[in-house]
K.L.:
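Before we start, here is the structure in question, set down as structure tokens.
It should be emphasised that the depicted structure is a prediction, and the values quoted were computed from it without experimental measurement. Just so you know, ligand 1 is whichever comes first in the structure, and atom 1 is the first atom listed for that ligand.
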Amino acid sequence: METAFILYAAKEIQQAILTNENTLESLDRAIGDGDHYINMKRGANAIIGIEAELAQLSPEAALNKIGLKLLSTIGGASGPLLASFFISMAKQLPNNNNDHAHLKFVHAFAAGVQAIMQRGKADLGEKTMLDVLIPVSNQWLLLAQQNHDVAFICSSLITTAEQGMLATKDLIASKGRAAGLGERAIGHIDPGAKSCQLMITAVCNLILKS
Ligand code: ADP
Ligand code: MG
């Protein structure tokens with residue numbers, strides 16, 4: 001993975017967030033406090049704002065810088081969680097020297113997801129962003145170990161992310177603001193799960209196009 005790819009991906013992610021303003025805002029208004037779209041937009045814009053600086057860095061240094069920037073710009077629960085994802089991904093990336101490039105990236109993604117789990121003390125089935133991130137991480141590792149080609153993996157991960165996002169609809173939340181709603185949270189997709197699905201889909205589509 002090269003820094004140029006990270007920057008292309010950041011732009012696709014920004015676009016995906018901006019074009020889904022209504023969806024993200026109404027989901028967080030339904031079971032949160034309505035700021036999730038603003039938080040994600042602020043984060044995405046801040047990353048694009050330091051694009052020139054990021055372009056000079058190695059991939060791991062760029063990911064680390066992205067994490068630090070998100071930490072200082074996104075408020076709310078999602079800021080520190082997404083920040084720890086990128087910072088841990090950056091830390092993991094130079095490890096596993098024996099892995100080929102693709103597997104290295106999968107392991108880095110998995111380390112990022114683990115960091116969110118630790119920081120948020122959450123797991124699968126708690127109606128959070130992890131209901132998208134954990135299945136995607138597991139499926140990606142499985143398909144990469146089975147040596148599937150990148151196009152097949154990307155298409156499959158788009159489906160996995162969508163299934164994870166949709167599955168949050170029927171769940172009761174046990175973490176985050178929606179946890180106080182009990183059964184009233186049922187029937188609503190989790191906003192963080194939706195934004196993660198949008199981001200994963202945007203990056204997978206970018207890879208499929210290239
Ligand atoms: P806030 O909840 O502080 O208003 P956001 O609205 O930006 O922050 O983000 C809310 C999202 O953060 C939720 O939809 C959920 O996906 C995610 N989230 C909240 N708490 C946790 C947690 N402990 N672990 C993982 N994800 C969480
Ligand atoms: Mg919120």
K.L.:
Which ligand 1 atoms does G76 reach within 4.0 Å, using its non-hydrogen atoms?
P.N.:
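What qualifies from ligand 1 is 3 (O), 8 (O).
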K.L.:
Are the side chain of E126 and the backbone N or O of D123 linked by a donor-acceptor pair below 3.5 Å?
P.N.:
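It does hold such a pair.
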K.L.:
Please check: side-chain N/O of D131 versus main-chain N/O of G125, any donor-acceptor pairing under 3.5 Å?
P.N.:
yes
K.L.:
With a 3.5 Å distance limit and no angle check, can you tell me whether D35 reaches the backbone of I38 through a side-chain donor-acceptor pair?
P.N.:
no
K.L.:
Does the N or O separation between D28 and ligand 1 drop below 3.5 Å for any pair?
P.N.:
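Yes; at least one N/O pair falls below 3.5 Å.
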K.L.:
For the pair E21 and K41, evaluate salt bridge (Lys or Arg N to Asp or Glu O under 4.0 Å) and give the outcome as yes or no after the intermediate values.
P.N.:
CA-CA 9 Å; E21 172 172 0; K41 179 172 119 174; 5.9 Å; no
K.L.:
Provide the number and element of each atom of ligand 1 under 4.0 Å from a heavy atom of A122.
P.N.:
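Heavy-atom distances to A122 below 4.0 Å select 24 (N).
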K.L.:
Please check whether G75 reaches ligand 1 - meaning an N/O of the residue sits under 3.5 Å from an N/O of the ligand, judged on distance alone.
P.N.:
no
K.L.:
Counting non-hydrogen protein atoms only, what is the nearest one to atom 10 (C) of ligand 1? Give residue, atom name and distance.
P.N.:
H36 ND1, 4.1 Å
K.L.:
Using a 4.0 Å heavy-atom cut-off, say whether T128 meets ligand 1 through its side chain, its backbone, both or neither.
P.N.:
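It is both parts that get close, each with some atom under 4.0 Å.
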K.L.:
Are any of the N/O atoms on K175, whether in the backbone or the side chain, positioned under 3.5 angstrom from an N/O atom of ligand 1?
P.N.:
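K175 vs ligand 1: no N/O contact under 3.5 Å.
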K.L.:
What's within reach of the Mg ion (ligand 2), meaning protein N/O/S atoms under 2.8 Å?
P.N.:
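Those protein N, O or S atoms (cut-off: under 2.8 Å from the Mg ion (ligand 2)) are D28 OD2, D33 OD1, D35 OD1.
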K.L.:
Any side-chain heavy atom of L198 within less than 4.5 Å of one from L24?
P.N.:
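Heavy-atom side-chain distance check passes, below 4.5 Å.
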K.L.:
Measure the distance from atom 17 (C) of ligand 1 to every protein heavy atom, then report the residue, atom name and distance (to 0.1 Å) of the closest one.
P.N.:
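The closest one turns out to be M129 CE, 3.8 Å.
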K.L.:
Heavy atoms only: which of S195, P80, G176 is nearest to atom 19 (C) of ligand 1?
P.N.:
G176
K.L.:
How far apart are the C-alpha atoms of K194 and Q197, what are their side-chain angles, what is the distance that settles it, and do they pass the side chain to side chain donor-acceptor pair (under 3.5 Å) test?
P.N.:
CA-CA 5 Å; K194 181 66 197 176; Q197 180 249 333; 3.0 Å; yes
K.L.:
List every atom of ligand 1 that sits less than 4.0 Å from any heavy atom of D35, numbering the atoms from 1 in the order shown and giving each element.
P.N.:
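This gives 4 (O), 5 (P), 6 (O) as the contact atoms.
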K.L.:
Tell me which protein heavy atom sits closest to atom 2 (O) of ligand 1, plus the residue, atom name and distance to 0.1 Å.
P.N.:
R177 NE, 3.3 Å
K.L.:
Could you check whether any side-chain N or O of K127 sits under 3.5 Å from a backbone N or O of A185, counting only pairs where one atom can act as donor and the other as acceptor?
P.N.:
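It does hold such a pair.
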K.L.:
Treat each ILVMFWY residue as a node, draw an edge where side-chain heavy atoms are under 4.5 Å apart, and state whether L171 and L27 are in one component.
P.N.:
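No: no chain of side-chain contacts under 4.5 Å links L171 to L27.
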K.L.:
List the closest protein heavy-atom neighbour of atom 14 (O) of ligand 1: residue, atom name, distance to the nearest 0.1 Å.
P.N.:
D190 OD1, 2.6 Å
K.L.:
What about L81: any of its N or O atoms under 3.5 Å from an N or O on ligand 1?
P.N.:
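In this structure, L81 places no N or O atom under 3.5 Å from an N or O of ligand 1.
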K.L.:
Report yes if the side chains of L130 and K175 come closer than 4.5 Å at any heavy-atom pair, otherwise no.
P.N.:
no
K.L.:
Please enumerate all residues that pass side chain to side chain donor-acceptor pair (under 3.5 Å) together with D33, with sequence neighbours excluded.
P.N.:
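D33 satisfies side chain to side chain donor-acceptor pair (under 3.5 Å) with R177 once adjacent residues are dropped.
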K.L.:
Decide yes or no for K65 and L54: does some side-chain heavy atom of the first lie under 4.5 Å from some side-chain heavy atom of the second?
P.N.:
yes
K.L.:
State, yes or no, whether a side-chain contact exists between E12 and V203 at a heavy-atom distance under 4.5 Å.
P.N.:
no
K.L.:
Within the structure, does L130 bring an N/O atom to less than 3.5 angstrom of an N/O atom in ligand 1?
P.N.:
no
K.L.:
Look at the aromatic rings of W140 and H102 and report parallel, tilted or perpendicular, splitting at 30° and 60°.
P.N.:
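W140 and H102: tilted rings.
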K.L.:
Measure from the side-chain N and O atoms of S210 to the backbone N and O of I207, and report whether any donor-acceptor pair falls under 3.5 Å.
P.N.:
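Answer holds: yes.
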K.L.:
Within the distance-only criterion (no hydrogens, no angle test), does the side chain of T73 pair as donor or acceptor with the backbone N or O of A46 below 3.5 angstrom?
P.N.:
no
K.L.:
Compute the shortest N/O to N/O distance between K121 and ligand 1 and return yes if it is under 3.5 Å, no if not.
P.N.:
no
K.L.:
Is the closest heavy-atom distance from G32 to ligand 1 below 4.0 Å?
P.N.:
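No, G32 has no heavy atoms under 4.0 Å from ligand 1.
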K.L.:
Identify the closest protein heavy atom to atom 8 (O) of ligand 1: which residue and atom is it, and at what distance?
P.N.:
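The closest one turns out to be A77 N, 3.2 Å.
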K.L.:
What atoms in ligand 1 come closer than 4.0 Å to a heavy atom of D33?
P.N.:
4 (O)
K.L.:
For atom 7 (O) of ligand 1, what's the nearest protein heavy-atom neighbour? Residue, atom name and distance, please.
P.N.:
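Heavy-atom neighbour on the protein nearest atom 7 (O) of ligand 1: S78 OG, 2.5 Å.
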K.L.:
May I ask you to decide if P135's main-chain N or O and T160's side chain share a donor-acceptor pair within less than 3.5 Å?
P.N.:
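The answer is no, because no donor-acceptor pair under 3.5 Å joins these two groups.
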K.L.:
Say whether G120, considering both its backbone and side-chain N or O atoms, lies within less than 3.5 Å of an N or O atom on ligand 1.
P.N.:
yes
